[in-house]
Amino acid sequence: VQLQASGGGSVEAGGSLRLSCAASVRTFSMYNMAWFRQAPGKEREFVSAVRWTGGRTYYSDSVKGRFTISRDNAKNTVTLQMNSLKPEDTGVYYCAAVRILSTSSDVDTNSNAWPHWGQGTLVTVSS
């Protein structure tokens, strides 16, 4: 599985960015997808995830109500729409994937549970 993240950049607080992740895998629809981020000097943290069907989404408390994750299984892409950005949203954002073991596979927000990672895209939010 190869993941290519894009869409990062620099914005002022209150602005918006849209991140995209393109997956090179034949069975994209069999993967749960997620976004994590890592701020300078901090550990990587969970941001958001979407189940393989796209029918259920997950958000960290810090981004709930501001970020929206979605996926297009026909295009092998997952998108993170980030609105009302804050300086504390600054960091490198990583796209991650894990193949489901069964149709009832839930999402694990621990980064160790995600074996496939993209290269990261930098988001900088200035105050």
Side-chain angles (χ1 to χ4, degrees):
V1 179
Q2 291 187 329
L3 304 174
Q4 181 71 40
S6 61
S10 297
V11 296
E12 294 185 350
S16 297
L17 282 173
R18 186 179 181 89
L19 305 183
S20 293
C21 176
S24 297
V25 61
R26 290 176 58 188
T27 55
F28 178 72
S29 61
M30 300 303 290
Y31 286 77
N32 289 337
M33 300 296 296
W35 289 94
F36 288 77
R37 68 187 180 190
Q38 187 165 18
K42 295 187 176 182
E43 293 186 354
R44 191 170 299 188
E45 65 172 357
F46 171 81
V47 174
S48 182
V50 58
R51 288 191 71 205
W52 60 287
T53 62
R56 184 170 179 181
T57 56
Y58 306 76
Y59 300 94
S60 66
D61 289 341
S62 62
V63 308
K64 197 172 297 183
R66 300 187 296 120
F67 291 11
T68 302
I69 191 170
S70 61
R71 66 186 294 160
D72 186 334
N73 285 348
K75 297 181 178 180
N76 284 20
T77 58
V78 60
T79 300
L80 185 68
Q81 177 66 43
M82 306 186 296
N83 298 328
S84 302
L85 283 162
K86 305 176 180 180
E88 51 264 42
D89 294 318
T90 294
V92 178
Y93 283 68
Y94 297 91
C95 178
V98 58
R99 184 178 173 88
I100 62 169
L101 299 178
S102 72
T103 57
S104 61
S105 290
D106 210 345
V107 164
D108 190 333
T109 60
N110 189 318
S111 62
N112 293 329
W114 300 79
H116 307 292
W117 293 85
Q119 86 289 1
T121 184
L122 178 62
V123 171
T124 303
V125 184
S126 58
S127 58

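This is a predicted model, so every value here is computed, not measured.
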Quiz item: Only one of Val11, Val63, Val123, Thr68 forms a side chain to side chain contact (heavy atoms under 4.5 Å, CB included) with Met82, so which one is it?
Solution: Val123
Quiz item: So which heavy atom on Ser127 is nearest to which on Pro87, and how close?
Solution: CB-CG, 3.8 Å
Quiz item: Cation over ring, Arg44 on Trp114, under 6.0 Å and within 45°?
Solution: no
Exercise. Rounded to the nearest 0.5 Å, what's the gap from CG on Asn83 to CZ on Arg18? Could you check?
Key: 9.5 Å
Quiz item: In Å and rounded to the nearest 0.5 Å, what is the OG1 to CE distance from Thr53 to Met30?
Solution: 11.0 Å
Quiz item: If you take all heavy atoms of Val92 and Gly120, which pair is closest and at what distance?
Solution: CG1-CA, 3.8 Å
Exercise. Examine distances only and state if a side-chain atom of Gln119 and a backbone atom of Gln4 form a donor-acceptor pair shorter than 3.5 Å.
Key: no
Practice problem: Working to the nearest 0.5 Å, report the span between OH of Tyr93 and OG of Ser48. | Solution: 11.0 Å
Quiz prompt | Gap between atom CG of Asp106 and atom CG of Asn32 - 0.5 Å precision | solution = 8.0 Å
Exercise. Kindly indicate whether the side chain of Trp52, heavy atoms from C-beta on, has any atom under 4.5 Å from the side chain of Tyr31.
Key: no
Self-check item: Considering all heavy atoms, the nearest Leu17-Leu85 contact
Solution: N-CD1, 3.7 Å
Self-check item: Short side-chain to backbone donor-acceptor contact, Asn76 and Val25, under 3.5 Å
Solution: yes
Self-check item: Rounded distance [0.5 Å steps], CZ in Phe36 versus CG in Asn110
Solution: 7.5 Å
Quiz item: Can you get from Val47 to Val98 by hopping between Ile, Leu, Val, Met, Phe, Trp and Tyr side chains that sit under 4.5 Å apart?
Solution: no
Exercise. Any chance you could measure Ser60, atom OG, to Arg66, atom CZ, to the nearest 0.5 Å?
Key: 8.0 Å
Quiz item: Can you check whether Gly54's main-chain N or O pairs, donor with acceptor, with Arg71's side chain at less than 3.5 Å?
Solution: no
Quiz item: Backbone N or O of Tyr58 within a donor-acceptor pair of the Arg51 side chain at under 3.5 Å?
Solution: no
Exercise. Mind listing the closest non-hydrogen atom pair of Trp117 and Ser111 along with its distance?
Key: CZ2-O, 3.5 Å
Exercise. Salt-bridge test for Lys86 and Asp89: reply yes if a basic N is under 4.0 Å from a carboxylate O, no otherwise.
Key: no
Self-check item: Closest heavy-atom pair and its distance - Ser70, Val78
Solution: O-CG2, 3.1 Å
Quiz item: Side chains of Ile69 and Met33: does their closest heavy-atom pair fall under 4.5 Å?
Solution: no
Self-check item: Same apolar cluster (I L V M F W Y, side chains within < 4.5 Å links), Val125/Leu19
Solution: yes
Practice problem: Using a 4.5 Å cut-off on heavy atoms from C-beta on, say whether the side chain of Trp35 contacts that of Phe67. | Solution: no
Exercise. Answer yes if Phe46 and Tyr59 sit in the same cluster of Ile, Leu, Val, Met, Phe, Trp and Tyr residues linked by side chain heavy atoms under 4.5 Å apart, and no otherwise.
Key: no
Self-check item: Distance-minimising heavy-atom pair for Thr121 and Ala5
Solution: CG2-CB, 4.2 Å
Quiz item: Is there a donor-acceptor pair closer than 3.5 Å between any side-chain N or O of Thr79 and the backbone N or O of Ser20?
Solution: no
Quiz item: Counting only heavy atoms not in Gln2, do more than 12 fall under 6.0 Å of its CD?
Solution: no
